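Residue numbers start at 1 and run along the sequence shown. The shown structure was predicted, so the numbers you read here are calculated from the model rather than taken from an experiment.
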Amino acid sequence: MRYPKFLEKQGTIGFVAPSFGCNIEPYRSAFCHALETFGQMGYRTELGPNCFEGCGVGISNTPEKCAAELMEYYCSSTNDVLISCGGGELMCEDLGYMDFGRLKQAEPKWYLGYSDNTNMTFLLTTLCDTASLYGPCAAAFGMEPWHPAIRDTFDLLTGKKLTVHGYDLYEKEGLKDEENPLIPYHVTEPCVRVKVPDQDTHMEGRLIGGCMDVLTLFLGTEFDGVKAFAEKYQKDGILWFLEACDLNPMGIRRALWQMEQAGWFRYVKGFLIGRPLHHGEVFINLDQYEAVTGILGKYGVPILMDLDIGHIPPSMPLICGSYAKVDAAGNEIAIEMLLK
């Protein structure tokens, strides 16, 4: 596994928009404030040409221009890390214009993003054997003050910490809008983790995953390198972290079935399931828990659910590709990520 260099003081943070750009409020103001914050912290910033674009369909610009920006800025020596401007809907259309062979040969660089950015974070790891960061996008760094999850993310990006813990409260209804673009997460609901089996758990393995809405798009395409990746790291075993955006419980179950049928869960040592955006919904008598255990229970490995991963803030940042040690005791969870 190739691990990029951590961001050093006075280093340069690059920003790209291979998915949505920060062209509308509240994202534009939040992003601009994030740039000011990074500047005050002593970092330089470099913006790609699509950061404030919104002329594309489901992404900031045309797939060709989005891919060109991402390739250029990833392979450039003028920035040290890359943060995606935002998630979106159709970053998958960029992939046909990208050169993953070139990315694999390039100097490894941290790429940070989540949701639609699974198109980059997951493929960097499984196709290029390069670690990436699954975590909040650029505009989140504009909130005042930073939530501990944002601080944790930046501490990972700078190498100050490699262990993250679950948070106490999550956001049920956000207050961020056009009139309040810098307001922090509105966390009000207690975080309650679900363990299957219901007992304290320790597991270890190679950490990979992302948003299931995106992951299933790779199945049957040239971008599906999961089997080869799992074979390479079979001695480590695989820890899957998975979360869902648009998928309801039935959609989650179908996605997991599809991934299983493709052989993705070979050598699995455990599952880390994020709190889905459709948290608490029941669809035709199927809830989010049975949606998961009905497919994954047969593997006889620990399943941790309702974790702080994904679309309901706050979210623990994770190093995709790292060797992780996970401890869940009571309602607490700690994920230690080793760069080996």
*Flag, side chain of Tyr170 to backbone of Val187, donor-acceptor distance under 3.5 Å*: no

_For the backbone of Gly113 and the side chain of Ser84, can you confirm whether one donor and one acceptor N or O come within less than 3.5 Å of each other?_
no

Side chain to side chain donor-acceptor pair (under 3.5 Å) involving [X] - partner list, sequence neighbours excluded:
X: Tyr167; result: Asp152
X: Thr188; result: none
X: Glu25; result: Ser29

Take atom [atom1] of [X] as the centre, draw a 6.0 Å sphere, and report whether it contains more than 12 heavy atoms from other residues, nucleotides or ligands.
X: Lys172; atom1: NZ; value: no
X: Lys176; atom1: NZ; value: yes
X: Glu179; atom1: CD; value: no
X: Glu173; atom1: CD; value: no
X: Glu8; atom1: CD; value: no
X: Lys235; atom1: NZ; value: no
X: Asp168; atom1: CG; value: no
X: Asn285; atom1: CG; value: no

Hey, are [Y] and [X] close enough side-chain-wise for a donor-acceptor pair under 3.5 Å?
X: Tyr73; Y: Glu46; answer: no
X: Tyr74; Y: Asn79; answer: no
X: Tyr233; Y: Asp129; answer: yes
X: Tyr299; Y: Glu260; answer: yes
X: Asp236; Y: Tyr267; answer: no
X: Trp264; Y: Asp224; answer: yes
X: Asn248; Y: Gln288; answer: no
X: Glu281; Y: His279; answer: no

*Please name the residue in the list Val214, Asp116, Leu217 that meets the side-chain contact (heavy atoms from CB on, under 4.5 Å) test with Met91.*
Asp116

_Glu290/Arg253 salt bridge by N-O under 4.0 Å criterion_ = yes

_Asp308 bridged to Arg275 by N-O distance under 4.0 Å_ = yes

*asked:* Before we go on, tell me: are the rings of Phe283 and His278 under 6.0 Å apart, centre to centre?
replied: no

*Do Tyr97 and Leu124 share a hydrophobic cluster (ILVMFWY, side-chain heavy atoms under 4.5 Å, transitive)?*
no

*If Ile, Leu, Val, Met, Phe, Trp and Tyr residues are connected whenever their side-chain heavy atoms lie under 4.5 Å apart, and connections chain through other members, are Phe52 and Leu70 in the same group?*
yes

*asked:* Once you measure the plane-to-plane angle for Trp110 and Tyr3, does it fall in the parallel (<30°), tilted (30-60°) or perpendicular (>60°) bin?
replied: tilted

